[in-house]
Amino acid sequence: MAQQLSAKFVIAMFAGLVAVGMAKAEVDVEAAKALAKANDCLKCHGTDKDKKGPAMSKISDKYKGTPDGRAKAIKHMTSGPTVKLSDGLEVRHRIIDTKDPKELENIAGWFLSH
Ligand code: HEC
């Protein structure tokens with residue numbers, strides 16, 4: 001009885017994880033682009049080209065296979081860490097002007113989809 005229950009529990013957990021995984025995979029590219037443009041992100045991050053900051057494809061490679069990659073990217077864009085630009089200047093990283101978790105999740109997903 002207890003064993004049956006725990007097997008059901010494991011299956012339910014697994015189904016839940018799959019559902020979360022699928023929801024995470026969806027990115028609203030147009031919304032992400034608009035938000036990135038409005039926040040000047042694209043001035044420093046090309047999709048495949050390094051500008052003053054690393055290309056999105058590099059950031060994506062860095063976090064490939066890291067389960068909390070999106071969370072780390074969100075922390076980066078909301079906390080304003082000190083970063084080094086390609087020209088050697090050290091600045092506080094731009095803080096994105098939204099606190100909406102859905103928008104943050106979406107733009108992080110977009111960065112990491114490259
Ligand atoms: C003035 C240039 C500049 C602007 C504007 C800028 N970034 Fe960055 N960004 C950088 C640099 C430089 C790094 C590299 C930091 C490092 O690796 O130490 C970086 C790194 C990142 C990373 C990777 C963090 C990591 O953990 O490796 C993400 C995600 C990111 N930026 C998102 C954004 C978003 C979103 C915006 C717009 C709100 C933005 N950036 C605007 C320069 C910029």
Side-chain angles (χ1 to χ4, degrees):
M1 181 63 181
Q3 248 174 0
Q4 248 181 357
L5 259 182
S6 67
K8 268 189 199 156
F9 183 65
V10 168
I11 289 167
M13 284 276 294
F14 194 69
L17 283 177
V18 170
V20 168
M22 287 193 322
K24 275 200 155 180
E26 281 169 33
V27 170
D28 182 342
V29 174
E30 289 313 312
K33 253 190 216 168
L35 186 62
K37 247 188 208 156
N39 280 274
D40 289 340
C41 312
L42 306 180
K43 285 198 180 149
C44 290
H45 298 288
T47 49
D48 294 310
K49 238 180 44 199
D50 292 342
K51 294 184 180 174
K52 283 191 175 180
M56 291 180 201
S57 51
K58 274 201 191 146
I59 298 173
S60 179
D61 281 349
K62 174 178 166 188
Y63 284 126
K64 213 158 255 165
T66 313
D68 58 349
R70 278 194 194 189
K72 287 196 172 138
I74 290 173
K75 175 128 199 282
H76 183 95
M77 60 181 87
T78 52
S79 62
T82 302
V83 296
K84 202 170 193 175
L85 305 180
S86 59
D87 57 14
L89 208 66
E90 288 198 17
V91 297
R92 255 198 107 187
H93 192 267
R94 173 93 182 200
I95 294 178
I96 197 163
D97 72 351
T98 178
K99 290 193 167 61
D100 183 333
K102 272 195 202 139
E103 285 186 358
L104 290 171
E105 179 76 24
N106 192 55
I107 193 169
W110 184 57
F111 264 64
L112 300 189
S113 71
H114 288 87

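As the structure lists them, so they are numbered: ligands from 1, and atoms in each ligand from 1. Computed from a predicted model, the values in this text were never measured in an experiment.
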Salt-bridge criterion met for Lys64 and Asp61 (N-O under 4.0 Å): yes

Heavy-atom donor-acceptor pair, Asn106 side chain to Val27 backbone, under 3.5 Å: no

Contact atoms of ligand 1, heavy-atom distance to Phe111 under 4.0 Å: 30 (C), 32 (C), 33 (C), 34 (C), 35 (C)

Taking atom 26 (O) of ligand 1 as the reference point, the nearest protein heavy atom with its distance: Tyr63 OH, 2.5 Å

Side-chain (Arg92) to main-chain (Ser79) donor-acceptor, under 3.5 angstrom: yes

Ring geometry between His93 and His76 (parallel below 30°, tilted from 30 to 60°, perpendicular above 60°): perpendicular

For atom 8 (Fe) of ligand 1: protein N/O/S atoms at distances below 2.8 Å: 2

Ligand-side contact atoms (ligand 1) for residue partner Ile59, heavy atom cut-off under 4.0 Å: 21 (C), 22 (C), 23 (C), 28 (C)

Atom 17 (O) of ligand 1 touched by protein heavy atom at under 4.0 Å: no

Under 4.0 Å to a heavy atom of Asn39 - the qualifying atoms of ligand 1, by number: 37 (C), 38 (C)

Donor-acceptor contact present, side-chain His45 to main-chain Pro54, <3.5 Å: yes

Cluster check Met77, Val29: I/L/V/M/F/W/Y, side chain < 4.5 angstrom: yes

Heavy-atom gap Lys84 to ligand 1 smaller than 4.0 Å: yes

CH2 on Trp110 to OG1 on Thr47, rounded to 0.5 Å: 7.0 Å

Sub-4.0 Å heavy-atom contact, Lys52 with ligand 1: yes

Check: Leu42 and Met56 side chains under 4.5 Å, non-hydrogen atoms: yes

Under 3.5 Å: donor-acceptor pair, side chain of Asn39, backbone of Ile96: no

Flag, side chain of Ser57 to backbone of His114, donor-acceptor distance under 3.5 Å: no

Atoms in ligand 1 with a heavy atom of Ala73 nearer than 4.0 Å: 29 (C)

Arg70 and Glu105, any side-chain heavy atoms less than 4.5 Å apart: yes

Ligand-side contact atoms (ligand 1) for residue partner Lys62, heavy atom cut-off under 4.0 Å: 25 (C), 26 (O), 27 (O)

Heteroatom proximity flag, Asp40 to ligand 1, N/O under 3.5 Å: no

